[in-house]
Amino acid sequence: MTTTAAPTTRRLNTSKAMAEAIAQEMRANPEVFYMGEDVGPYGGIFGSTTGLFEEFGPSRIIDTPISETAFVGLGIGAAVEGMRPIVELMFADFMGVCLDQIYNHMAKIHFESGGNVKVPMVLTTAVGGGYSDGAQHSQTLWGTFAHLPGMKVVVPSNPADAKGLMTSAIRDDSPVVYMFHKGVMGLPWMAKNRRSVDVVPEGEHVVPIGRAAVAREGTDVTVVTLSLSVHHALDVADTLAEDGISVEVIDLRSLVPLDREAVLSSVAKTGRLVVVDEDYLSFGLSGEIVASVVETDPSLLRAAPKRVAMPDSPIPYAHVLEYAVLPLHDRIEAGIREVLA
Amino acid sequence: MTTTAAPTTRRLNTSKAMAEAIAQEMRANPEVFYMGEDVGPYGGIFGSTTGLFEEFGPSRIIDTPISETAFVGLGIGAAVEGMRPIVELMFADFMGVCLDQIYNHMAKIHFESGGNVKVPMVLTTAVGGGYSDGAQHSQTLWGTFAHLPGMKVVVPSNPADAKGLMTSAIRDDSPVVYMFHKGVMGLPWMAKNRRSVDVVPEGEHVVPIGRAAVAREGTDVTVVTLSLSVHHALDVADTLAEDGISVEVIDLRSLVPLDREAVLSSVAKTGRLVVVDEDYLSFGLSGEIVASVVETDPSLLRAAPKRVAMPDSPIPYAHVLEYAVLPLHDRIEAGIREVLA
Amino acid sequence: MTTTVTPQQGLDPAVRLDLYRTMVLVRTYEMAILREYHADKGPGFDIGKGLIPGEMHLAAGQEPVAAGVCAHLTGDDAVTATHRPHHFAIAHGVDLERMTAEIFGRETGLGRGRGGHMHLFDPDVHFSCSGIIAEGYPPALGQAFAFKRRGTDRIAVAVTGEGASNQGAFHESLNLAALWDLPVVFVVEDNKWGISVPRSASTSVPSNADRAAAYGIPGVRVEGNDVDAVHEAAGELVARARRGEGPSLLEVETLRLLGHFEGDAQGYRPELADVEGEDPIPRYEARLTEAGLLDGATREQVAAEATARVEAAIAFAKDSPLPDPAQATRYVFAEEGSR
Amino acid sequence: MTTTVTPQQGLDPAVRLDLYRTMVLVRTYEMAILREYHADKGPGFDIGKGLIPGEMHLAAGQEPVAAGVCAHLTGDDAVTATHRPHHFAIAHGVDLERMTAEIFGRETGLGRGRGGHMHLFDPDVHFSCSGIIAEGYPPALGQAFAFKRRGTDRIAVAVTGEGASNQGAFHESLNLAALWDLPVVFVVEDNKWGISVPRSASTSVPSNADRAAAYGIPGVRVEGNDVDAVHEAAGELVARARRGEGPSLLEVETLRLLGHFEGDAQGYRPELADVEGEDPIPRYEARLTEAGLLDGATREQVAAEATARVEAAIAFAKDSPLPDPAQATRYVFAEEGSR
Ligand SMILES: Cc1ncc(C[n+]2csc(CCOP(=O)(O)OP(=O)(O)O)c2C)c(N)n1
Ligand SMILES: Cc1ncc(C[n+]2csc(CCOP(=O)(O)OP(=O)(O)O)c2C)c(N)n1
Ligand SMILES: [Mg+2]
Ligand SMILES: [Mg+2]
């Protein structure tokens, strides 16, 4: 189902790939518009709208006041009337000032109307830490969004998926929360993994929502992860390959729908599971993945599974502390070695 | 550590037991006050402040405007100054209008201040469905609160615990979210389980936060649950006892801290696990319980565990639909029989 | 920018009779719902029982607001209402049968029984409501945005109670509508109570119309729960929104005849004994009769028509099938091919 | 109720020199932080690198607001500031060394390195700040509530930017403070920009002082980024709060000399070339010199004192130990026996 217009070797960073999908959909459909704080001339704090203001102008790339409840709600109402708004919440951490519109309205109207009202809206938001932005600006929070029903939740890890998932999100008739990690955007002013700039198909590119990707095939252990942690997991897999350990990396790409089949078939092969999650450890994604495997067939696991996640603590500011809590190379490697021990 | 002043056979419903703890702490400590919507002359929509306005008057039992962000924040500021506010959010479903104060402020200030500022505040809130209040008034949402670090989360299931946990919550130097299910309050205008009126110790009664209770001992299967679902699980255990099936029921009593030891030692005994949770299935409590067991020792489980939870759907209004999604008697019984099959 | 409108008498008689008819229809409807709601809650009162379970917020006494405002709207305009939505729903022309079926939790309901009385969605007339205080305002902005963007003269009306005017969403919505000149009329129903909390304990100014100045938009307060005055004030505000002159705020003094929800004993309410005498419908009847516009026969005819429509809607609801429990979690996401 | 204050000259010379000293100290501090922040971000600019990683919002140009307001406070009063907190922190007397250590992420910092520059808590002077727009207002209500409840004349000052005045928390807080007569002075720093969004695109009225009327409280706007005028206006508002006469709103026109945060190229800002000429500190120096209150020697002395304090604080921070990574998740909950 992944549609690609033409083979290409053109490389983009993730933010430009995301913006390219938006531009293509905006050209094709006058009902699409993008709205949020500093998305106009500034181009989005994390580059999500790079170049869009120049092409589409202030009537379709719209700067808002700092009134998230009002403008998220505005997006909902416009979507109810058949427009296809993309609304940016600058940081997912700010969900607390507008969560009611998101989870009680955007996510529930379709259901409460018995399917008679659609809310074809995309909520984009930046997530993640790693650059000392402190406890209120470094969270991923995807477990929270995914727990609350009625919205799809997508989490691209690389430029091509960022484009393809954005295309799907805009075309989806259901609300989609599109969470982009600052660390995958390939921003010039932030440390970046080499995978944040990569080949991106030109023309229409669609990645269906709800299908995980096997980011790397392997036979000894399955690492289930998403977003920036995919890059870290791939780096660790490179390292471990030198020791003859074959790591399979599953990039979930979306939490809702959650591709449990992809997880199960990988674990069926490897018998060992590590979940790497930059969200808080408890009551979230990592537990869900483990439970999904075990409730289907506990005999799939040949060893206790391991969760490598953000601990249940606010995220500290100081670099040494933040790097102690983030699920980075050493912790991932240790987790893998533990399940193989 | 459970302290009880004197043996008693006095029976109270849960709302009166909760109010009794508040009254006792208010008498002992002038810095304790209770604030929220309709908590004054009305006595709390779900009876949480029954009789308190009459004793303590409007200066300590305070009706607020419908401004949750402002008054939750007011509680935080008062707590920072050393008062011990109890702030009621009428329904947990309304968290979306004030979550920022709750999760980015109440829950993070202590950490961000390196332990130098304490926020000894209790946030009380009503949860749960079962009386056709629809998608915006029936949620439990404890998984969401528990996922976000920095606040304790307690969920009493019966009158004595409601009193003892409230005493502990008020005395705790950390923020505590106290979630009372409408169905356990023993309200005269709502269907109630017989266990919502029960013996409550007079005088000081303290139940420590973070210890699960074995609500019923059994040997064949462990049901881990909380709040109103404890009552349902006990009812099912009664039924199954007739078939010679011995069910152990664990009442978690708090999600944060989570008493994983209690779960593990029960599952070590029974080898079988059913989690019953009125919160949404995915990315929440039920997955956390399963994962906690399996990551410790997958060999504890003699059969695939089973989760009986609210499906990942908004909660429907119509009685027939709501009763199809709630984790009630039949679904719990079927779940238990399944893990025993 | 703040005006206070007091009752006028210059209104077209036909319009006044229409306002009367709307108010009678609403009241007849709510009294029938009241009857059905309580019919099967016993023994005692169990909120979860009966043909209509759950919370029930009736608007009896507040008909002048809905009738006076909605008289200026067509089904192409949007209305977002509150947890107390019936009067606006009916005045705006929501399908009475499907609305009733929804309240009875039936498959033929507006939301196929998924929504309930606080969550009525009728896309045919762009009507919606929400159970979360003040959170119906922001979506109305988006409807108005779409209407304006498409070059129409359609408008949105967003309703809250006076208690809700102290929520953040109120402020953010008024500011954004003012900034972007959106065609929205914000309506505040001041029934003086937010559940048990009197206006004086919730709202720091006597008139929300004064808050319009905080956004540079017109603010009007109508006293006396008078449908003619509401009609007049709303007419001008709706017209200016249609002309592209932007949003405005209309506060109407009104009356909650019943408890906040059914089951509310109202022990907190000292003025309760006087309330019945302030019922706006008999008062309007008297005024229309005095003005020679209403006689006994017309009155009876209006009442009979209302009763017939209402009872037909209730019969429709009762005759409708319950939803299939096996489909309880359908409609979480839009289905394939339904675009 | 809305007043616009324009500069006056009647102020006590000693007070004016103090205001000057505070402004110079703040500016000296921020220029040193700027230097340290950029010292080690290369090659290129990597926001996560260096002795001070993360976002950095400097208040250069906005010193008149903090100096003018905080001159009326003691360490018993509370101040809640924003993501741009240094000027208020310093003017309110936050411990300079521990604040600096916090910004450098050290164990000796106000938050033991857990907080960072947007999360400075100094309970000794009841200072706090928050990185979430307008969400510092509500906790200030609670501090004021506690002060009032305990029968003191202590007050709380709550600060936001003009962009923040369009958040729901702003509205809810002003209403609640007005209703309960809480001793809070709400301060809006109008630096005309919310990141890249000009005031005209965020705020529907030219003066937030006009919004005070929406709560029945006094509203004052001070133009010209003039510390004397701020001092005068704030003095009266602080005094009335202390007298138990309730809250008020003070908006001050001010200037963001630098980008929103470091790294902001400000391409969106047309008036950028004029900005430097509007720096309030040289202008105040000129005025004080003209009034015969400041000569070259005093100027140098003030500068030298400021530099000495600032460099000592920076040296303290740099000499302080980093936090122990093994303790990264300590302080999630209050520890046993620490009550
Ligand atoms: C955010 C939120 N807070 C609280 C409630 C509970 N609640 C429902 S109706 C109501 C009172 C509303 O008062 P008002 O706005 O005056 O409307 P009225 O009921 O008088 O029509 C309250 C507090 C809610 N539904 N949503
Ligand atoms: C709720 C929320 N929304 C958005 C942001 C991102 N943000 C940080 S500062 C800022 C601009 C604030 O403008 P203003 O209130 O005028 O303060 P200034 O930066 O000018 O001092 C924004 C949008 C935030 N921190 N919190
Ligand atoms: Mg009201
Ligand atoms: Mg600003």
Side-chain angles (χ1 to χ4, degrees), chain B residues 36-46 53 58 62-71 90-91 93-98 100-101 129-138 182-183 187-192 280-281 310-326, chain C residues 41 44-50 52-55 83 102-107 109 111-119 130-135 161 163-169 194-198 201-204 260-261 263-265 267-268 322-332:
Chain B
E37 291 156 12
D38 306 287
V39 302
Y42 198 104
I45 296 297
F46 300 104
F53 185 80
I62 309 173
D63 274 337
T64 62
I66 312 170
S67 308
E68 285 86 355
T69 289
F71 71 73
M90 189 190 285
F91 287 68
D93 310 67
F94 308 159
M95 68 168 181
V97 303
C98 57
D100 189 75
Q101 285 296 325
Y131 61 103
S132 286
D133 215 358
Q136 296 177 338
H137 288 74
S138 304
K182 302 150 201 171
L187 299 168
W189 46 276
M190 203 176 273
K192 50 188 159 300
Y280 302 115
L281 173 70
M310 184 69 71
D312 296 321
S313 160
I315 300 170
Y317 158 72
H319 184 85
V320 286
L321 297 176
E322 189 185 15
Y323 274 64
V325 296
L326 284 168
Chain C
K41 287 274 173 305
F45 172 86
D46 177 348
I47 190 172
K49 273 185 114 178
I52 307 177
E55 287 186 64
H83 57 286
E102 185 59 28
I103 295 172
F104 278 76
R106 303 298 165 126
E107 183 65 24
R112 294 190 166 95
R114 271 85 181 157
H117 118 100
M118 287 191 274
H119 311 111
S130 165
I132 310 294
I133 291 302
E135 297 281 330
S165 71
N166 305 300
Q167 263 286 334
I195 310 186
S196 71
V197 177
S202 73
T203 311
S204 53
H260 170 73
F261 39 31
D264 173 7
Y268 54 82
L322 291 170
D324 174 5
Q327 300 273 310
T329 61
R330 200 171 155 194
Y331 310 116
V332 178

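Letters go in sequence order (proteins before strands), and every chain restarts at 1.
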Heavy-atom pairs under 4.5 Å with chain B - which of Ser130(C), Ala164(C), Gly168(C) has more of them than the others? Ser130(C)
So, the part of Ala135(B) with a heavy atom under 4.5 Å from chain C: the answer is backbone
Toward chain C, the part of Leu187(B) with a non-hydrogen atom under 4.5 Å: neither
Side chain, backbone, both or neither: which part of Glu322(B) has a non-hydrogen atom closer than 4.5 Å to chain C? neither
Ile103(C) backbone acceptor or donor facing Tyr317(B) side chain under 3.5 Å: yes
From Asn166(C) atom CG to Phe71(B) atom CZ, the distance as rounded to the nearest 0.5 Å: 11.5 Å
In terms of ring plane angle, is the pair His119(C) and His137(B) parallel, tilted or perpendicular, where the classes change at 30° and 60°? tilted
Among Gly263(C), Gly48(C), Gly44(C), which has the most heavy-atom pairs under 4.5 Å with chain B? Gly48(C)
Quick check: closest heavy atoms across Ala324(B) and Ala328(C), and the distance to 0.1 Å? CB-CB, 4.0 Å
So do Pro65(B) and Thr203(C) actually touch side chain to side chain, heavy atoms under 4.5 Å? no
Tell me, side chain or backbone of Ile47(C) under 4.5 Å from chain B's heavy atoms, or both, or neither? both
Which bit of Arg106(C) is near chain B, if near means a heavy-atom gap under 4.5 Å: side chain, backbone, both or neither? neither
Separation between CG (Asp264(C)) and OH (Tyr42(B)), nearest 0.5 Å, reads 4.5 Å
Given heavy-atom pairs under 4.5 angstrom as the criterion, report whether the side chain, backbone, both or neither of Met310(B) touches chain C. neither
Portion of Tyr323(B) that has a non-hydrogen atom of chain C nearer than 4.5 angstrom: neither
Approximate separation, where rounding is to 0.5 Å, of Ile45(B) CD1 and Phe261(C) CZ: 4.0 Å
If I compare all heavy atoms of Ser132(B) with all of Pro53(C), which pair ends up nearest, and what's the gap? OG-CG, 3.2 Å
Does any part of the side chain of Val197(C), heavy atoms only, come nearer than 4.5 Å to the side chain of Glu37(B), both counted from C-beta? no
Quick one: does Ser313(B)'s side chain have a donor or acceptor within less than 3.5 Å of a partner on Val332(C)'s backbone? no
Where is the tightest heavy-atom contact between Leu321(B) and Asp324(C), given as atom of each residue plus distance? CD2-O, 3.6 Å
Most heavy-atom pairs under 4.5 angstrom with chain B, which of Gly116(C), Ser165(C), Gly109(C)? Gly116(C)
List the atom of Asp133(B), the atom of Met118(C), and the distance in Å for their closest heavy-atom pair. OD1-CE, 3.4 Å
Heavy-atom pairs under 4.5 Å with chain B are the metric here; pick the option from Arg330(C), Arg114(C), Gln327(C), His260(C) that has the most. Arg114(C)
Cut-off 4.5 Å, heavy atoms of chain C, and the answer for Thr64(B) is backbone
Checked Gly134(B), Pro41(B), Ala191(B), Cys98(B) vs chain C; the most non-hydrogen pairs under 4.5 Å come from Ala191(B)
Can you give me the closest heavy-atom contact between Thr329(C) and Pro311(B), atom names plus distance? CG2-CG, 3.6 Å
So, for Gly194(C) and Asp38(B), which heavy atoms are closest and what is the spacing to 0.1 Å? O-OD1, 3.6 Å
Below 4.5 Å from any heavy atom of chain C, which atoms of Thr69(B) appear? Answer side chain, backbone, both or neither. neither
